[in-house]
Student: 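Have a look at this one before I ask anything.
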Protein chains: 2
Amino acid sequence: MTVDHEAPEPVYQQVASILRERVASGGLAPRRPIPSESTLMQEYGIARETARKAVWLPADEGLVFTVQGRGTYVTG
Amino acid sequence: MTVDHEAPEPVYQQVASILRERVASGGLAPRRPIPSESTLMQEYGIARETARKAVWLPADEGLVFTVQGRGTYVTG
DNA sequence: TTTCATTTGTCCGTATGTATT
DNA sequence: AAATACATACGGACAAATGAA
């Protein structure tokens, strides 16, 4: 899964969808960390702000939760 | 307190006034942080640019002060 | 205990595009 | 034309929390 910077859908929404799928498919398992912001930046070639926004959406949905200094985890 | 996008007064001035009141009322206490830019954006449904302008005004008045990397605080 | 790397939190400056007034 | 405002996106810096060395 990659990102299309030319697509009408914002990049952070595209990445958010990818994260949702990675959780749904079990690629990212409950109680396990999702990729860090730095990793997301590298994996998808995006800025940190974009990576953070991409995580906010699944977080608002209760799919993941964030702990400062540790990371973001899939809700168990 | 909410924002009226139809009002003649610019939104950033409205939010600035709200912040002044939250300080005056003690809702935002001395030496305590005010909401972050992101939080203001969410709380009032405004853009970052607008949130930052809204903070400038109370800052210029000496009501709050900003520390990069930490946040903006009510003057003690 | 101190130090260090990692990660998230926040702020700063800038830029492009759109829309409204 | 200019100011206001939104949305998106980039890059950088400093701060705070965590955990490991």
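Just so we're on the same page: letters track the sequence lines, and every chain starts at 1.
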Student: Closest nucleotide of DNA chain D for A/Gln14 versus for B/Tyr44: which of these residues is on the 5' side?
Tutor: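 Taking each residue's closest nucleotide, the earlier one in sequence belongs to B/Tyr44.
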Student: So if I take every side-chain heavy atom of A/Tyr12 and compare against D/dA9, C/dT8, D/dT4, which nucleotide ends up nearest?
Tutor: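 Selected nucleotide (nearest to the side chain): D/dA9.
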Student: Could you report the tightest heavy-atom contact between A/Leu19 and A/Ala54, atom names first, then the distance?
Tutor: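 Smallest heavy-atom distance, with atoms named: CD1-O, 4.0 Å.
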Student: How does each nucleotide of nucleotides 15-21 of chain C score, in 5' to 3' order, for protein heavy atoms under 4.0 Å: base (B), sugar-phosphate only (S), or none (-)?
Tutor: -------
Student: Output the distance between atom CD1 (B/Ile18) and atom OH (B/Tyr44), rounded to the nearest 0.5 Å.
Tutor: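 Rounded to the nearest 0.5 Å, the CD1-OH separation comes out at 4.5 Å.
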Student: Measure the spacing between CZ of A/Arg70 and CZ of A/Phe65 and express it to the nearest 0.5 Å.
Tutor: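 A/Arg70 CZ to A/Phe65 CZ: 7.0 Å, rounded to 0.5 Å.
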Student: Quick one: A/Gln42 CD to C/dT7 C1', roughly how many Å, whole number?
Tutor: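 The distance from CD of A/Gln42 to C1' of C/dT7 comes to 14 Å, rounded to the nearest Å.
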Student: Please pick, from D/dC6, D/dC10, C/dC12, the nucleotide with the shortest atom-to-atom distance to any side-chain atom of B/Thr50.
Tutor: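 So the side chain of B/Thr50 is nearest to D/dC6.
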Student: Would you mind telling me which of D/dT4, C/dC12, C/dG9 lies closest to the side-chain atoms of B/Pro10?
Tutor: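 Nearest nucleotide to the side chain: D/dT4.
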Student: Give a yes or no answer on whether the side chain of A/Thr75 reaches the backbone of A/Gly62 with a donor-acceptor pair at less than 3.5 Å.
Tutor: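 Side chain of A/Thr75 to backbone of A/Gly62, a donor-acceptor pair under 3.5 Å: yes, one is there.
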Student: Given C/dT8, is OP1 or OP2 found less than 4.0 Å from the side-chain N or O atoms of A/Thr72?
Tutor: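 Checking A/Thr72 against C/dT8: at least one side-chain N or O falls below 4.0 Å of OP1 or OP2.
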Student: For B/Ser36 and A/Pro35, take the nucleotide of DNA chain C holding the closest heavy atom to each; which residue's nucleotide lies nearer the 5' end?
Tutor: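 The residue whose closest nucleotide sits nearer the 5' end is A/Pro35.
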Student: Consider the side chain of B/Arg52, meaning its heavy atoms from C-beta on, and name the nucleotide among D/dC10, C/dT14, C/dG9 that approaches it most closely.
Tutor: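 When the side chain of B/Arg52 is considered, C/dT14 is the closest of D/dC10, C/dT14, C/dG9.
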Student: Less than 4.5 Å apart, side chain to side chain, heavy atoms only: is that true for A/Pro35 and A/Leu28?
Tutor: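 Yes, side chains in contact.
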Student: Going 5' to 3' through nucleotides 13-21 of chain D, assign each nucleotide B (protein heavy atom under 4.0 Å from a base atom), S (under 4.0 Å only from sugar-phosphate atoms) or - (no protein heavy atom that close).
Tutor: BBSBBBS--
Student: Within this structure, what is the OH-CD1 distance for the pair B/Tyr12 and B/Ile46, rounded to the nearest 0.5 Å?
Tutor: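 Going from the OH atom of B/Tyr12 to the CD1 atom of B/Ile46 covers 12.5 Å.
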Student: Answer yes or no: is there an ion pair linking B/Glu43 with B/Arg22, defined by an N-O contact shorter than 4.0 Å?
Tutor: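 Yes, this pair counts.
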Student: Tell me what A/Ser38 touches on the nucleic acid: a base, only sugar-phosphate, or nothing, going by heavy atoms under 4.0 Å.
Tutor: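 Nothing: the residue A/Ser38, judged by heavy atoms under 4.0 Å, touches no strand.
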Student: Measure from CH2 on B/Trp56 to C1' on C/dG13 and round the result to the nearest Å.
Tutor: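 In whole Å, C/dG13 C1' and B/Trp56 CH2 are 10 Å from each other.
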Student: Assign each of A/Met41 and B/Gln13 to its nearest nucleotide of DNA chain D by heavy atoms, then name whichever residue's nucleotide is nearer the 5' end.
Tutor: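 With A/Met41 and B/Gln13 compared, the 5'-side residue is B/Gln13.
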Student: Who does D/dA1 pair with, Watson-Crick or G-U, both distances under 3.5 Å?
Tutor: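 Its partner: none found.
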Student: Kindly compute the distance separating CD1 (B/Ile34) from OG1 (B/Thr66), expressed to the nearest 0.5 Å.
Tutor: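 Reported value, rounded in 0.5 Å steps: 6.5 Å.
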Student: Side chain of B/Glu37, backbone of B/Ala51: donor and acceptor closer than 3.5 Å?
Tutor: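 Between the backbone of B/Ala51 and the side chain of B/Glu37 there is no qualifying donor-acceptor contact (under 3.5 Å).
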Student: Using whole Å, report how far CD1 of B/Ile34 lies from P of C/dT10.
Tutor: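 After rounding, the reported distance stands at 12 Å.
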